[in-house]
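These notes are about the structure you will find just below.
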Amino acid sequence: MCRNLTITLFTLVSVFTFCSPVFAQSKDELNELLNSSSTETKSSKNKSKTKEKSATETQKTESTKTNEAPTQNDKPQTANPEPQNGNSRPSANSAPSVNRSSEIVKELPEPAKIGWRKNRKLGDKLYGMGSVYNAVVYYTEATKKKPTKPFLFQKAADGFFMLRDYGSANAYYKKLMELDAEKNKYPMAIYQYALTEKYMGNYEVAKTYFEKFKQTAKADEWSAQRSNAGREIQGCDLGLSYLNSTQLPEYTIEHLRENVNQPFTDYAPVLQGSSLYFGAWTSDKVMMENKREKYADFSRIYVSQNNGSEWSNAEMLSSPINNVNFHVGNPSFSPDGKTLYYTQCYQDEYGQMQCSIYKSTNLGSGWSEGEKLDAGVNTANTSNTHPCMGKNEAGEDGLYFSSNRNASRGFDILFAKQNGNTFDKARTVANINTKGDEWTPFYDYKNNTLYFSSNGHINIGGADIYKTTLERGEWSEPKNLGLPINSSVDDMYFHWSESNNTGFVVSNRPGGFGQKSETCCDDIYQLFKTKLNFAVAGTVQNANAGYSAIENCLVTLYDAKQGTQIKSAYPEKGQYFFDLEPEREYKIMARKNGFEDMLLSISTVGKKKSDTVTLDFPMKGMLQTLSYLDKTIGVVYWEFNADRLTNGAPDTLNNVVTFMTANPQCVVEVGSHTDSKGTDEYNLKLSQRRSDAVAKYLMSKKVPQFRVVSKAYGESMPLELNENPPGTDNPEGRSKNRRTEFKVVKELSQEEMNKTGNSK
């Protein structure tokens, strides 16, 4: 991504050509360029000097989006495109697929052998053609030959900035500031220099120069830029707060190597099963049309498989989706995986990107021919991209995407409600869009959370990733995800797979495979949740006997908010231990005949470091005997439509066995339940099979049969809602309803115990 005042082919070409030096003009174009820039004559040297007006200087009349990124990572269509040859991708460590710099050196004059004016002129021509990398070669040579001309340094600096070579841009902006120190004709050089310092992560230095710009630039001429400088200072402060934080980050991040990433641009990762789908541009080959550089090769959708330890070498998606006449990218799937949404883009006569959203259906044998979505999504004369299925504030299904239809606001995130096989007219999503640009939405169904990238909020880099969650029917204030998901440069395309417990993000941060500078090109990075280990441990003690350990007591862990039992233990020596989850509140109860019940609370909410908390129970004795009647002593959960015990079930069952052995007077009901999927009759039979399986296990541990009462409840007694209020599925609630509870339903008298021979 690059930040420029206008989103045109020029910016897009500059983004994707600088990864390697490429001159791909036709012979006629080169000759024309060469002839129009012949050796300087005396008359040209004697021409009156024309006042140079910098690109940065003219920005003062516009409401500049200094953090603006390109429209999207969709690539423009080329004229007379060359067909792709096979599905192979170049290695990240291999040479670029096309490198014609040596060819051009023979036809264009070498920069070192011509004067500064011709270098400047050739640079301007190449810049106008969209060949920014090549233009910078001539601009930098011009600065060597005429190191006293500020406008030459401005041209070189702006070129490097567009190429996202922030280190080089920084050096040229610094020299420009030095040359302009007295006359102050280039105040935007201070602003741009500050931006490069920010993008290199030097937040303190950046703040100093943003403040200097505010002091130097006149308020009446540079009001918009002064306002932006204030926002950038806030972004620097935010970046410093993340850098100085001692809290453990929520995620770790890892660069995907050459099987996925390659030297140019990789973007829009989405995990479907074990397959990673993403867009990629594997060549920087260009051609000429109307004296402008255009790419001769196309963006395509690729797929890489994960075998558990590594990603396979990516292959082009074999389907009609990768249309030979368009740039194709931004894949996204419906929740059931049967529909693939993606973008198809072409480059219009003005060099601007025009993207539309398509869908394809999984036919079993492959994907169907792409179908363009209707006008509710694809508005005429606009670019529509980054599709992602999700739910709106009312819980209705639909499509999130990014569009520039609101011309005065750049790109916004919109939502189009799904209506059968079509979509209603899209509307702008409230509370998240800014005057800047918002892109790459991703909806997390489990947590009702929308992720997106923006350059219009308070950012620690150029474009940062944010999340917003539904709260009382409205989207919450967007929250910056911070380090390491965001960096000091550009970060987009957040994607998280709950089933795989992994995610992805696209970034041009240092460490990628960019060949021309460390921040030139976008690569895919994999995310992992940071492992936080929480636990609670302690001893149940007799407060009336020197706090000695109380043996054979019941210790139960509950969810404090839901009131549901999580697990229980019957520690023989009074010492218990429970693992805890992050961001959760708990209650723990200790019970023992002859002692008062004791209930304590513990919370992991807000904790960012692993910890094991010691929590002892000093229990006071009492005269009366404690009754366990109607008390639940354990719960096990079941997989959907299953009556086989899960791997974790024996831990709970063994605790139940321990309790029943220590309390021979207790008769326990084994009551099993289901969720609401299926008929009442089927669920009743399923719950009976579950109870029978558990009862069989208990009796295998020598628990007498008469002390186990098997009961089937089917779906009649849910703990949680099986469906959300709008009628949508609630998978988390259903999982809690698929349970077997162990409850004491009778306590035998001593006489009854003697009759059964069950007394100690």
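In what follows, residues are counted from 1 in the order of the sequence shown.
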Donor-acceptor under 3.5 Å ([X] side chain, [Y] main chain):
X	Y	value
K145	A112	yes
D444	N448	no
K198	G461	yes
S227	S223	no
S356	C345	no
N202	V205	no
T519	P510	no
T343	G329	yes
R409	G436	no
N404	S383	yes

ring-ring contact (aromatic ring centres under 6.0 Å, His included) partners of [X], counting only residues at least two apart:
X	result
F401	none
Y341	none
Y242	none
W496	Y251

Could you give the distance from [atom1] ([X]) to [atom2] ([Y]), rounded to the nearest 0.5 Å?
X	Y	atom1	atom2	value
E141	I114	CD	CD1	8.0 Å
F264	F513	CZ	CZ	12.5 Å
T143	L176	OG1	CG	11.5 Å
M492	S454	CE	OG	9.5 Å
I465	H457	CD1	NE2	13.0 Å
Y493	C388	OH	SG	12.0 Å

Problem set entry | Stepwise side-chain hydrogen bond (donor to acceptor under 3.5 Å, both in side chains) check, T469 with T449 | CA-CA 4 Å; T469 304; T449 300; 3.2 Å; yes
Exercise. Can T196 and Q192 be said to form a side-chain hydrogen bond (donor to acceptor under 3.5 Å, both in side chains), step by step?
Worked result: CA-CA 6 Å; T196 59; Q192 294 296 107; over 6 Å; no
Restricting to non-hydrogen atoms, name the atom on [X] and the atom on [Y] that form the minimum distance, rounded to 0.1 Å.
X	Y	answer
A206	A194	CB-O, 3.4 Å
D523	G512	OD2-CA, 3.3 Å
V270	P331	CG1-O, 3.4 Å
S487	D464	O-OD1, 4.0 Å
F452	P478	CZ-CB, 3.8 Å
V489	S507	CG2-OG, 4.5 Å

Could you tell me if [Y] and [X] have a donor-acceptor pair between their side chains, going purely by distance under 3.5 Å?
X	Y	value
D266	Q262	yes
T385	N330	yes
N486	N480	yes

Using the six-membered ring wherever Trp is involved, compare the ring planes of [X] and [Y] and label them parallel, tilted or perpendicular (cut-offs 30° and 60°).
X	Y	result
Y173	F161	perpendicular
F442	Y451	tilted
Y193	Y209	perpendicular
Y191	F213	perpendicular
Y443	Y400	parallel

For this session: Check Y186, F160, Y139, Y166 against Y172 for a ring-ring contact (aromatic ring centres under 6.0 Å, His included) and give me the one that passes.
Result: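 Looking at Y186, F160, Y139, Y166, the match for Y172 under the ring-ring contact (aromatic ring centres under 6.0 Å, His included) is F160.
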More than 12 heavy atoms of other residues, nucleotides or ligands under 6.0 Å from [atom1] of [X]: yes or no?
X	atom1	answer
K529	NZ	yes
K174	NZ	no
N244	CG	yes

Problem set entry | Steps toward salt bridge (charged side-chain N to carboxylate O under 4.0 Å, His left out) verdict (R164, D490) | CA-CA 10 Å; R164 294 197 296 184; D490 298 320; 3.4 Å; yes
Exercise. Can you check side-chain hydrogen bond (donor to acceptor under 3.5 Å, both in side chains) on N508 and D522, steps first, answer last?
Worked result: CA-CA 4 Å; N508 68 321; D522 293 311; 5.1 Å; no
Problem set entry | Test log, rule side-chain contact (heavy atoms from CB on, under 4.5 Å), inputs I357 and Y342 | CA-CA 6 Å; I357 298 174; Y342 63 97; over 6 Å; no
Within the structure provided, determine whether [X] and [Y] are in side-chain contact (heavy-atom separation under 4.5 Å).
X	Y	value
N261	H255	yes
L152	N119	no
E477	N431	no

Exercise. Given the rule in the salt bridge (charged side-chain N to carboxylate O under 4.0 Å, His left out) test, do K479 and E471 qualify, once you have shown the distances and angles that lead to the verdict?
Worked result: CA-CA 14 Å; K479 179 182 178 182; E471 296 178 356; over 6 Å; no
For this session: Could you tell me which residues satisfy side chain to side chain donor-acceptor pair (under 3.5 Å) with T382, sequence neighbours excluded, listed by chain and number?
Result: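 Side chain to side chain donor-acceptor pair (under 3.5 Å) list for T382, sorted by chain: N384.
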For this session: Could you walk me through whether K467 and L481 pass the side-chain contact (heavy atoms from CB on, under 4.5 Å) test, one step at a time?
Result: CA-CA 7 Å; K467 72 175 182 179; L481 295 191; 3.7 Å; yes
Exercise. Are R509 and Y525 in a cation-pi setup, meaning NZ or CZ lies under 6.0 angstrom from the ring centre and within 45 degrees of the ring axis?
Worked result: yes
Exercise. Taking it one step at a time, do R405 and T379 satisfy side-chain hydrogen bond (donor to acceptor under 3.5 Å, both in side chains)?
Worked result: CA-CA 7 Å; R405 64 190 62 185; T379 304; 2.9 Å; yes
For this session: List in chain and number order the residues that pass side-chain contact (heavy atoms from CB on, under 4.5 Å) with S488, two or more places apart in sequence or in another chain; answer none if no residue qualifies.
Result: Y203
Problem set entry | Sub-6.0 Å ring centroid separation between H386 and F411 | no
